[in-house]
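Each remark here refers to the structure printed beneath this line.
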Amino acid sequence: MSNNRNRCSTPHLVISLLFVALLMLPMVHGLTASHAGNPNAKGKLRGPGFQKEALLEPGYYKTWYRYAENLVTLHNPLTLAKTWIDYRLFAMSDSKGIHVGREGWLFDSRALASYRKNDCDQAEHMIRQIMNIRSAARLAELAGRRFIFSIVPDKSTIYPEYVGPVPQNQACSKSLYDLFLSVHQQQPIEAFVRLDQSLTAAKSSQRLLYDTAGRHWNVDGAKIGTQTLLGALFGDAPFEKGDATADDLSRALMGVPAENAAVIGHETDQDAKKHYSACVLYGGQATTHFLASLIPRFDRVDVIASPRIPSQNHNEDLAAYETIIALIDESELAELSFDMDRFCRMLGADASAGARHTIDLRTIMAKTGSALQIAENRLVIKSMGATAFIEMPRLPGSDSHSLRILKLALRAPQRGELTWAVADDSDQRNIRQLRSGLNQLYLPLPGKPVVRLLINTGQTAGIFKLENAELLSYGDAAALMLPQMETERRSGGG
């Protein structure tokens with residue numbers, strides 16, 4: 001509380017007195033009107049006593065506010081006045097969506113989840129995400145597409161010194177982005193363009209890259225990020241165009257609609273630059289600045305505000321785009337997901353495979369809660385539900401030179417979820433949605449010399465039919481030379 005007193009000068013005291021007067025006027029109105037505007041008001045309400053020494057205490061204003069709220073109809077003006085005083089005078093806020101940091105800096109509360117560094121339990125999830133990103137990038141490359149994946153750092157990641165007293169999990173000390181970078185360091189993704197390093201380095205220029213009341217990067221921050229991204233795509237250098245909206249969080253705090261942000265353009269020789277046909281850009285609000293740099297390069301740019309790739313509701317066809325860019329806000333990492341089945345189908349994963357090996361269905365083994373039988377060249381799976389598993393034969397996994405995907409043609413009796421995991425790492429589970437009828441599933445294999453998969457066909461008991469199982473391999477000729485796969489008949493066959 002001493003910090004608040006130090007901040008309160010004579011102008012602040014005057015503002016405080018004006019605020020008390022503002023509170024008193026509607027209360028007098030409410031009392032004289034016999035509480036006519038508030039049917040829920042109770043008689044004989046007693047307000048807090050006037051205390052000069054408490055004028056600088058935030059709790060004193062909250063007490064008056066709650067009292068006045070029950071008496072009068074002028075709720076919106078009071079809320080606006082209280083919010084203004086809380087933020088400008090006491091550097092605090094009751095808003096659940098906005099955090100007031102040091103020196104008046106505002107932060108999106110949702111984005112502070114990364115700052116808390118409490119995501120160690122998401123390590124396996126991030127491993128799966130990186131496997132999907134790597135698989136998607138490789139498949140896009142083989143299909144003749146350009147694929148770029150990048151993460152726009154949260155404001156608190158670049159300016160943690162202004163966050164203020166937000167507790168961090170010292171035992172974990174890992175955010176989702178920290179986990180992503182850790183896995184990426186061990187298993188690099190060529191398509192990943194890192195932005196936080198160039199933004200952190202640019203802080204030394206003394207120019208703010210995120211405004212004190214801004215939700216996302218400003219023109220200067222976007223200029224650094226856009227230059228890095230365009231360098232990965234084209235080698236272009238952007239130029240500054242207009243002024244970005246610098247106070248979108250403060251406007252949100254006061255309940256004022258945000259204005260449109262300005263954008264970053266790009267400057268290239270019109271005759272020298274290469275033109276491309278179509279691009280799809282996935283991401284959140286931070287894509288606004290980047291978009292203007294893409295539009296002149298392409299005949300068509302589609303922006304899809306979704307962390308799911310491909311999206312569920314936009315009906316985009318990835319085969320129609322020459323370039324695929326995912327520019328995900330750090331705060332959306334938890335929602336990031338790749339629909340690998342649709343991704344593979346759209347980009348013709350079967351046709352681009354360097355080698356295809358059919359798996360003998362008789363080598364699949366029944367585990368607890370399931371029974372298998374070969375009928376009409378299909379593997380009939382009688383499943384008891386959530387506890388029923390089948391085990392695939394030993395398969396070569398992916399590595400630095402090759403990508404391998406297990407393709408299953410599975411007929412399901414009803415809608416549900418298929419889960420699969422590596423036999424010696426059952427905690428790392430992956431999920432695929434099943435529809436009633438035939439499902440074409442593409443399961444990227446992890447980076448291990450040998451992989452044995454456990455598959456649960458659904459939470460509900462039923463009879464499933466596996467019509468075909470193939471191992472699709474992508475890579476150079478040497479990498480496609482597979483070690484001997486299991487061919488002996490396994491127990492459980494019919």
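These figures come from a predicted structure and were not determined experimentally.
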Smallest separation among heavy atoms of [X] and [Y], with atom names:
| X | Y | result |
| --- | --- | --- |
| Gly284 | Asp329 | CA-OD2, 3.8 Å |
| Leu139 | Met340 | CD1-CE, 4.1 Å |
| Asp196 | Ile158 | O-CD1, 4.1 Å |
| Ala232 | Ile148 | CB-CD1, 4.3 Å |
| Pro444 | Ile405 | CA-CG1, 4.0 Å |
| Ile364 | Pro393 | CG1-CD, 4.1 Å |

Less than 3.5 Å apart, any donor N or O on the side chain of [X] or [Y] sitting next to an acceptor on the other?
| X | Y | value |
| --- | --- | --- |
| Gln433 | Glu417 | yes |
| Ser175 | Asp178 | yes |
| Ser311 | Glu316 | yes |
| Glu330 | Thr157 | yes |

Backbone N/O of [Y] and side chain of [X]: donor-acceptor pair under 3.5 Å:
| X | Y | answer |
| --- | --- | --- |
| Arg435 | Leu438 | yes |
| Asp399 | Ser402 | yes |
| Ser150 | Arg194 | no |

Between [atom1] of [X] and [atom2] of [Y], what distance do you get to the nearest 0.5 Å?
| X | Y | atom1 | atom2 | result |
| --- | --- | --- | --- | --- |
| Gln459 | Ser383 | CD | OG | 9.0 Å |
| Leu142 | Tyr474 | CG | OH | 7.5 Å |
| Asp154 | Trp217 | CG | CH2 | 11.5 Å |
| Gln129 | Leu176 | CD | CG | 9.0 Å |
| Gln227 | Ser198 | CD | OG | 8.5 Å |
| Arg342 | Asp317 | CZ | CG | 9.5 Å |

Open item on the list: With side-chain contact (heavy atoms from CB on, under 4.5 Å) as the criterion, how do Leu395 and Arg404 come out once you've worked through the C-alpha distance, each side chain's angles and the decisive distance to 0.1 Å?
Closed with: CA-CA 9 Å; Leu395 300 172; Arg404 293 190 173 95; over 6 Å; no
Open item on the list: Take a 6.0 Å sphere around NZ of Lys465 and say whether it holds more than 12 heavy atoms from other residues, nucleotides or ligands.
Closed with: no
Any heavy-atom pair between the side chains of [Y] and [X] that's under 4.5 Å?
| X | Y | result |
| --- | --- | --- |
| Lys367 | Leu454 | yes |
| Asn456 | Trp420 | no |
| Phe290 | Leu230 | yes |
| Pro310 | Phe343 | yes |
| Val193 | Thr228 | yes |
| Lys223 | Leu209 | no |
| Tyr162 | Glu103 | yes |
| Leu471 | Pro396 | yes |

TODO: Would you sort out whether Val422 and Lys448 count as a side-chain contact (heavy atoms from CB on, under 4.5 Å), showing the intermediate values?
DONE: CA-CA 10 Å; Val422 179; Lys448 295 186 176 184; 3.9 Å; yes
Open item on the list: Out of the candidates Asn439, Ile431, Asn430, Leu410, only one should pair with Leu418 under the side-chain contact (heavy atoms from CB on, under 4.5 Å) rule; please name it.
Closed with: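 When side-chain contact (heavy atoms from CB on, under 4.5 Å) is applied between Leu418 and each of Asn439, Ile431, Asn430, Leu410, only Leu410 qualifies.
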Could you work out, with salt bridge (charged side-chain N to carboxylate O under 4.0 Å, His left out) as the rule, every residue matching [X], not counting sequence neighbours?
| X | answer |
| --- | --- |
| Arg134 | none |
| Glu190 | none |
| Arg300 | Asp302 |
| Arg116 | none |

TODO: Please step through salt bridge (charged side-chain N to carboxylate O under 4.0 Å, His left out) for the pair Arg207 and Asp220, ending with a clear verdict.
DONE: CA-CA 7 Å; Arg207 297 186 66 180; Asp220 292 314; 2.8 Å; yes
Open item on the list: Show, in sequence, the C-alpha distance, side-chain angles and deciding distance for Asn132 and Ser135, and conclude whether the side chain to side chain donor-acceptor pair (under 3.5 Å) test is met.
Closed with: CA-CA 5 Å; Asn132 287 334; Ser135 301; 5.3 Å; no
Task: Worked check of side-chain contact (heavy atoms from CB on, under 4.5 Å) between Ser337 and Ile309 - done: CA-CA 6 Å; Ser337 66; Ile309 305 170; over 6 Å; no
Open item on the list: Taking the ring centre of each residue, are Tyr276 and Phe234 less than 6.0 Å apart?
Closed with: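 Yes, ring centres under 6.0 Å apart.
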Task: Carboxylate-amine/guanidinium proximity below 4.0 Å for Arg411 and Glu467 - done: yes
Open item on the list: Looking at Arg452 and Glu391, is there a salt bridge between them, counting it only when a charged N and a carboxylate O are closer than 4.0 Å?
Closed with: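 Between Arg452 and Glu391 there is a salt bridge, with a charged N closer than 4.0 Å to a carboxylate O.
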Task: Candidate pair Tyr321 and Cys279, rule side-chain contact (heavy atoms from CB on, under 4.5 Å), full reasoning - done: CA-CA 5 Å; Tyr321 301 102; Cys279 171; 5.5 Å; no
TODO: Just do the salt bridge (charged side-chain N to carboxylate O under 4.0 Å, His left out) check on Asp339 and Arg308 with the steps written out, would you?
DONE: CA-CA 7 Å; Asp339 188 338; Arg308 182 183 176 91; 3.3 Å; yes
- [ ] Can you run down the ring pair (Phe, Tyr, Trp, His ring centres under 6.0 Å) pairs that involve residues 168-214, sequence neighbours left out, and say none if there aren't any?
- [x] Phe149-Phe180, Phe180-Phe192, His184-Phe192
Could you go through residues 347-355 and list every donor-acceptor pair under 3.5 Å that involves a side-chain atom there, pairing it with any protein atom two or more places apart or in another chain?
from   : atom 1 : to     : atom 2 : distance (Å)
Asp350 : OD1    : Tyr442 : OH     : 2.5
Asp350 : OD2    : Arg356 : NH2    : 3.4
Asp350 : OD2    : Lys407 : NZ     : 2.4
Ser352 : OG     : Gly348 : O      : 3.3
Ser352 : OG     : Ala349 : O      : 3.4

